[in-house]
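FYI, side chains are in, hydrogens and waters are out, and symmetry mates aren't considered; it's all heavy atoms of this structure. Lettering of chains follows the sequences in order, A, B, ..., and the numbering in each one begins at 1.
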There are 2 protein chains.
Amino acid sequence: MAKKVLIVYAHQSSSSFNSAAKTTAVEVLTTLGCSVEVSDLYAMNFKATATAEDIKGDLKDAENFSYLDESKLAWEEGRLMDDITKEQSKVIEADFIIFQFPMYWFSVPAIMKGWIDRVLTNGFAFTQEKRYSQGIFKEKRAMLSFTTGSLESMFSATGINGDMNVTLWPLQNGILHYCGFQVLAPQIFWAPFSATPEARSCMLEGWRARLQGLLEEQPLSFISLDCFDKKGFQLKSDVQEKHAAKDFGLAVGIHMGKPLPPHNQMKAGS
Amino acid sequence: MAKKVLIVYAHQSSSSFNSAAKTTAVEVLTTLGCSVEVSDLYAMNFKATATAEDIKGDLKDAENFSYLDESKLAWEEGRLMDDITKEQSKVIEADFIIFQFPMYWFSVPAIMKGWIDRVLTNGFAFTQEKRYSQGIFKEKRAMLSFTTGSLESMFSATGINGDMNVTLWPLQNGILHYCGFQVLAPQIFWAPFSATPEARSCMLEGWRARLQGLLEEQPLSFISLDCFDKKGFQLKSDVQEKHAAKDFGLAVGIHMGKPLPPHNQMKAGS
């Protein structure tokens with residue numbers, strides 16, 4: 001079955017490793033019969049900041065401007081700026097979204113955070129009821145593919161930057177899974193900038209090989225919304241009891257005071 | 001002793017709760033004898049995206065543009081754009097930086113991420129040798145002060161969003177402590193938007209009271225750079241041995257496969 005793929009891509013240079021990773025994804029997925037669209041954020045000069053200018057026409061309460069409320073209303077009434085609605089159309093069309101970027105400060109670059117802040121509008125991408133396992137995009141998949149200047153050892157549970165699983169939790173749980181996306185394991189390119197050209201080629205070949213089977217991969221495990229009560233959104237007591245004797249917590253963030261389940265944000269089934 | 005305080009502030013509306021929190025900080029700290037400067041990012045229309053336009057004059061390698069390398073060189077040669085150098089001057093002057101913002105997607109809003117990406121330049125804010133406990137700003141303090149739409153119970157180790165300590169790790173360790181800042185416990189305003197006016201006033205009064213003693217607070221605990229070897233940046237074996245029998249890991253990210261030390265990113269001495 002032909003899939004539609006959106007690559008949200010953030011690098012300033014077309015000769016970068018990130019660009020090569022993006023191009024590799026376009027090539028392989030197209031060969032597999034997918035239609036692939038790329039949102040090249042720097043080339044688009046994508047507006048990163050969430051402001052009142054994102055809304056056409058009158059604001060509901062200009063004196064007490066709330067982006068969360070005003071953008072929701074504007075989305076409902078078709079009054080969001082065209083650059084936002086264009087990206088939202090791409091999200092609706094897509095079966096699968098890949099975010100390709102260089103990690104800046106343990107997170108996405110500001111221009112990509114701007115895409116997240118502005119495109120994943122309240123109402124369009126989530127509601128109080130429709131989030132996490134009941135999220136609006138639960139039929140879609142998403143993943144992070146990124147470079148970092150660090151070695152893998154530095155992002156471990158005994159490394160200077162700490163466990164990469166911890167750093168990924170806000171991005172993968174708080175953004176992707178929050179909107180319902182089934183999240184595939186991240187593709188992490190460790191320190192390509194300080195690697196030899198051969199080692200860089202090898203990293204891209206590994207990505208090329210993974211892309212062949214990417215559409216059939218099992219997603220990472222998250223906790224079903226059913227496991228939480230509807231008031232304080234706490235794990236239900238029967239769920240807590242069921243896991244009381246287990247060695248590990250349920251997920252990186254939902255660790256119940258136990259050791260984190262190893263590779264929870266890095267490998268499917270962990 | 002009079003201290004210089006910089007508040008990096010990101011909210012679109014001067015009638016917002018975030019604005020009130022910022023104003024409260026300015027008032028109390030000024031009364032205490034501090035000189036307080038505010039960078040009001042939306043009012044400044046602060047550029048969020050890291051692009052080649054941040055650099056004056058010729059690029060070293062325009063064909064293979066690397067923001068990390070080019071901005072470092074431009075900083076060394078005084079060729080960074082004026083909006084960046086102006087913020088860098090404020091950072092140099094400041095003894096203490098407060099980041100005041102509404103949490104967007106488990107992190108800072110894009111405009112504040114842009115300040116971080118662009119102002120904390122390679123060379124100016126960190127080098128390979130000078131980071132973490134040996135970081136360039138180790139004589140300075142910094143803290144996060146933010147609102148979230150969530151209740152505290154939702155950001156716990158048994159709550160739907162997961163432990164707030166996990167979500168804070170990339171921000172507090174990966175950005176603030178990475179540059180050397182001594183990090184004070186975060187000021188978190190839980191769901192002020194759905195609270196009564198009385199409850200909101202109460203939150204601000206709590207902040208006002210904390211501000212009175214803020215400059216004397218003990219910072220959060222992080223792991224000294226000396227504890228890691230210089231090659232793979234792994235915890236040295238003697239440090240690992242010393243902690244092998246302990247109940248908890250050393251820090252949220254550097255958890256050694258043990259349960260996370262409770263409140264590690266929320267309370268001093270944890």
Side-chain angles (χ1 to χ4, degrees), chain A residues 12-13 15-16 42 48-52 63-68 104-107 109-111 113-114 116-117 120 132 149 151 153-154 156-163 166-167 169-171 173-175 178 193 225 228 232-235 240 249 251-260 262, chain B residues 12-13 15-16 42 48-52 63-68 104-107 109-111 113-114 116-117 120 132 149 151 153-154 156-163 166-167 169-171 173-175 178 193 225 228 232-235 240 249 251-260 262:
Chain A
Q12 302 92 342
S13 170
S15 62
S16 63
Y42 288 105
T49 55
T51 66
E63 285 293 298
N64 303 291
F65 179 74
S66 158
Y67 192 82
L68 193 73
Y104 279 12
W105 292 109
F106 286 50
S107 187
I111 199 167
K113 185 60 167 44
I116 291 162
D117 289 352
L120 301 180
Y132 288 122
L151 302 169
S153 61
M154 296 163 72
S156 74
T158 51
I160 190 171
N161 295 333
D163 187 351
V166 169
T167 286
W169 175 261
L171 295 167
N173 180 72
I175 301 170
Y178 192 89
F193 319 112
L225 199 62
F228 299 91
F233 294 96
Q234 285 288 301
L235 277 176
Q240 296 208 36
V252 167
I254 305 162
H255 56 72
M256 305 172 67
K258 297 170 180 287
L260 308 188
Chain B
Q12 302 91 344
S13 170
S15 62
S16 63
Y42 288 105
T49 56
T51 66
E63 285 292 297
N64 303 292
F65 180 75
S66 159
Y67 192 83
L68 193 74
Y104 279 11
W105 292 109
F106 285 51
S107 187
I111 199 167
K113 184 60 167 48
I116 291 161
D117 289 352
L120 301 179
Y132 289 121
L151 302 168
S153 61
M154 295 163 72
S156 73
T158 51
I160 190 169
N161 295 334
D163 187 352
V166 169
T167 285
W169 175 261
L171 295 167
N173 180 73
I175 301 170
Y178 192 90
F193 319 111
L225 198 62
F228 299 91
F233 294 96
Q234 284 288 300
L235 278 176
Q240 296 208 35
V252 166
I254 304 161
H255 57 72
M256 305 172 66
K258 297 171 180 286
L260 308 188

Residue pair A:S15 / B:E63: nearest heavy atoms and the distance that separates them:
OG-O, 2.6 Å
If every non-hydrogen atom of A:M154 is compared with every non-hydrogen atom of B:Q234, which pair is closest and at what distance?
N-NE2, 4.5 Å
What distance separates A:I116 CD1 from B:K113 NZ, expressed to the nearest 0.5 Å?
10.0 Å
Partner of A:L260 under side-chain contact (heavy atoms from CB on, under 4.5 Å), chosen from B:V166, B:V252, B:L260:
B:L260
Suppose we call two aromatic rings close when their centres sit under 6.0 Å apart. Are B:W105 and A:Y178 close by that rule?
yes
Can you tell which part of A:L171 gets under 4.5 Å to a heavy atom of chain B, answering side chain, backbone, both or neither?
neither
Part of A:F228 within contact of chain B (heavy atom distance under 4.5 Å)
side chain
Of all the heavy-atom pairs spanning B:S153 and A:G232, show the shortest one and how long it is.
OG-O, 3.0 Å
For a side chain to side chain contact (heavy atoms under 4.5 Å, CB included) check, start with the C-alpha distance between B:L151 and A:F233, then their side-chain angles and the critical distance, and finish with the verdict.
CA-CA 9 Å; B:L151 302 168; A:F233 294 96; 5.8 Å; no
Check whether B:T158 gets within reach of chain A through its side chain, its backbone, both or neither, counting any heavy atom under 4.5 Å.
both
From B:D117 atom CG to A:S107 atom OG, the distance as rounded to the nearest 0.5 Å
8.5 Å
Is it the backbone or the side chain of B:S66 that comes under 4.5 Å from a heavy atom of chain A, or both, or neither?
neither
Can you tell me which portion of A:Y132 sits under 4.5 Å from chain B's heavy atoms? Options are side chain, backbone, both or neither.
side chain
Please report the closest heavy-atom contact between A:I254 and B:I160, naming both atoms and the distance.
CD1-O, 3.9 Å
What option among B:G162, B:A251, B:A110 has the most heavy-atom pairs under 4.5 Å with chain A?
B:A110
Given heavy-atom pairs under 4.5 angstrom as the criterion, report whether the side chain, backbone, both or neither of B:Y42 touches chain A.
side chain
Rounded to the nearest 0.5 Å, what separates atom CH2 in B:W169 from atom CG in A:N161?
8.5 Å
Engaged part of A:T167 at the chain B interface, taking heavy atoms whose separation is under 4.5 Å
both
Working to the nearest 0.5 Å, report the span between OH of B:Y67 and OG of A:S13.
15.0 Å
Could you tell me which of B:G159, B:S16, B:S156 has the largest number of non-hydrogen atom pairs under 4.5 Å with chain A?
B:G159
Check whether any side-chain N or O of B:Q12 sits under 3.5 Å from a backbone N or O of A:A52 as a donor-acceptor pair, and report yes or no.
no
Pick from A:P109, A:A48, A:G253: which one has the most heavy-atom pairs with chain B under 4.5 Å?
A:G253
What part of B:L120 lies closer than 4.5 angstrom to a heavy atom of chain A: side chain, backbone, both or neither?
both
